[in-house]
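Nothing fancy with the numbering, it's 1 onward along the sequence.
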Amino acid sequence: MGFVDDSYLLESGTAAELYDGIRDLPIVDPHSHADLTEIVTNDGWDDIWEVEGATDHYVWSVMRKRGVPERKITGDAPNREKWMALADIFPELAGSPTYEWIHLDLRRQFGIEKPISSETAEEIWHETEAQLSTRAMHPRQLLESMDVEVLCTTDDPTSSLSDHERAAENIDGLDVRPTWRIDRAFHVDDGSWNEFVEELASATGVQTETLSGFLDALAQTHDHFAEHGCRASDLSLTEPVSRPVSRERARTLYRRAIDGQNLTETGVRDLQAFILEEVGKLNAERDWVTQLHIGPVRDYRDSLYETVGADAGGDVSTQDVELTENLRHFLNTFDDEMEIVLYTVDPTHYPSLTTLSRAFRNVSVGPAWWFNDSPYGMDEQLRQVGSVDLLANHAGMVSDSRKLISFSSRFEMFRRVLSNVLGEMVERGQMPMTHAEQLATHLAYERPKSLYGFE
């Protein structure tokens, strides 16, 4: 087996045969952080750093770990200097998914097979620069060549979705949909929550001084997103909170929060639980998928947050998250009322997550996420889901990516791992090849289309 060659991650002929059956299926991506303005304008990129490093906190994290100064990561160094700094330490990244993704990108998108190093950095810089100047490497053309069929963005409720309107008018062959990302509405303990409430009032024309006004304004944005083809909401939170809270209790807490009073921890969680249930009601009415991304501790490294800001690679995970009791009320309230997809950033939560999914027909385990979207993490999660819940009910794959160049590489990695897991089961006599082929196609393509209602 050669480095990221045709046999990459495939440990048997059976696995290779399964992968051959799904490798060219279209990509359906229910969750990404793609910059839709970049896709709509279709201006393209100038250099390899711009497409591989400029927006990728995975890259930033490993560069810092190997001692590259911040100036050459997120600072004011020229892009060429940043690329050279990355290439210089690239051999030291071997074993990480970032190392494999970027090499896959080079092979699949640029046809460059040489490993990245200080010796090859200059040549790769010029080869990719020349190719990026061609029309074939502009965002829309790149997505078309990758056969991306559905792409969901991540959007704040206050967004006008003007780029989605432009995409609908100007882009053929690509189904682009918004996702209602409600983090700022939910995190009432965040210092910027009142700012969001004001922005919500401005965006909708609905007064938000009262709880009922706030909920009406949120519902209006929900309608706006639905008109633009939205099929899912999304919420990222460290720990879920779900319990019955009366409207009167929520109204009192909301009034205190609006007035700038500090809520107790119990008050914060009560108001969050109430908002989450109201969001669930809106989603159930529209038959949207409710996605919960659970477990990240944001901006953990203080010095990095103070100098670079949020989403810079300083986030961590924690085992100290209670899932079963904290989700009980929500899952039972919406039992069979809508599809719910649960993601967790800490793999030690998979046993609980898979039993929750097993107990509810409408609950699915989301793909291995963030620190887990590696060959090892995907393999581990697929085996856990298959042995406790059902592989057929796994939610499939999402890119979760900010950079378009890696979309197909991320899906390729998943499809290869999936084929290898299923291939091993066939080799061990756990299922016939015909059922493995059906499962492979189902999880690689059919399942997300059906789950999110893209059909």
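Atom CD of Q384 is separated from atom NE2 of H349 by 13.0 Å, given to the nearest 0.5 angstrom. To the nearest 0.5 Å, atoms CH2 (W193) and NE2 (H187) are separated by 13.0 Å. Interatomic distance, CD of E209 versus CZ of R255, reported as 12.5 Å (0.5 Å rounding).
Geometric assessment of R231 against the ring of Y452 yields a negative cation-pi assignment under the 6.0 Å and 45° thresholds. Judged by the 6.0 Å and 45° rule, R251 forms no cation-pi pair with F214.
In terms of heavy atoms, E322 sits closest to N326 at OE1-N, 2.8 Å. Of all heavy-atom pairs between W288 and M338, the closest is O-CB, 3.8 Å.
Of the possible polar contacts, none joining the H394 side chain to the L390 backbone as a donor-acceptor pair under 3.5 Å is found. Within the 3.5 Å criterion, the main-chain N or O of Y8 finds a donor-acceptor partner in the side chain of R416. Side chain of R358 to main chain of V388: a donor-acceptor pair is present (N/O by atom type, distance under 3.5 Å, no hydrogens or angles). Not a single donor-acceptor pair under 3.5 Å links the side chain of R447 to the backbone N or O of M397.
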Problem set entry | salt bridge (Lys or Arg N to Asp or Glu O under 4.0 Å) between R23 and D20, intermediate numbers included | CA-CA 5 Å; R23 68 187 306 163; D20 282 342; 3.3 Å; yes
For this session: Take R64 and T74 through the test side chain to side chain contact (heavy atoms under 4.5 Å, CB included) and record every step on the way to the result.
Result: CA-CA 10 Å; R64 293 187 191 109; T74 63; 4.0 Å; yes
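For E38 and R402, the salt-bridge test fails: no basic side-chain N is under 4.0 Å from an acidic carboxylate O. Salt-bridge formation is detected for the pair E325/R328: a Lys NZ or Arg NE/NH1/NH2 atom is positioned less than 4.0 Å from an Asp or Glu carboxylate oxygen. The residues E339 and R361 are annotated as salt-bridged, a charged nitrogen and a carboxylate oxygen being separated by less than 4.0 angstrom.
Ring geometry for Y99 versus H103: interplanar angle over 60°, hence perpendicular rather than tilted (30 to 60°). Taking the six-membered ring where tryptophan is involved, the planes of H31 and Y343 are tilted, since the angle between them lies from 30° to 60°.
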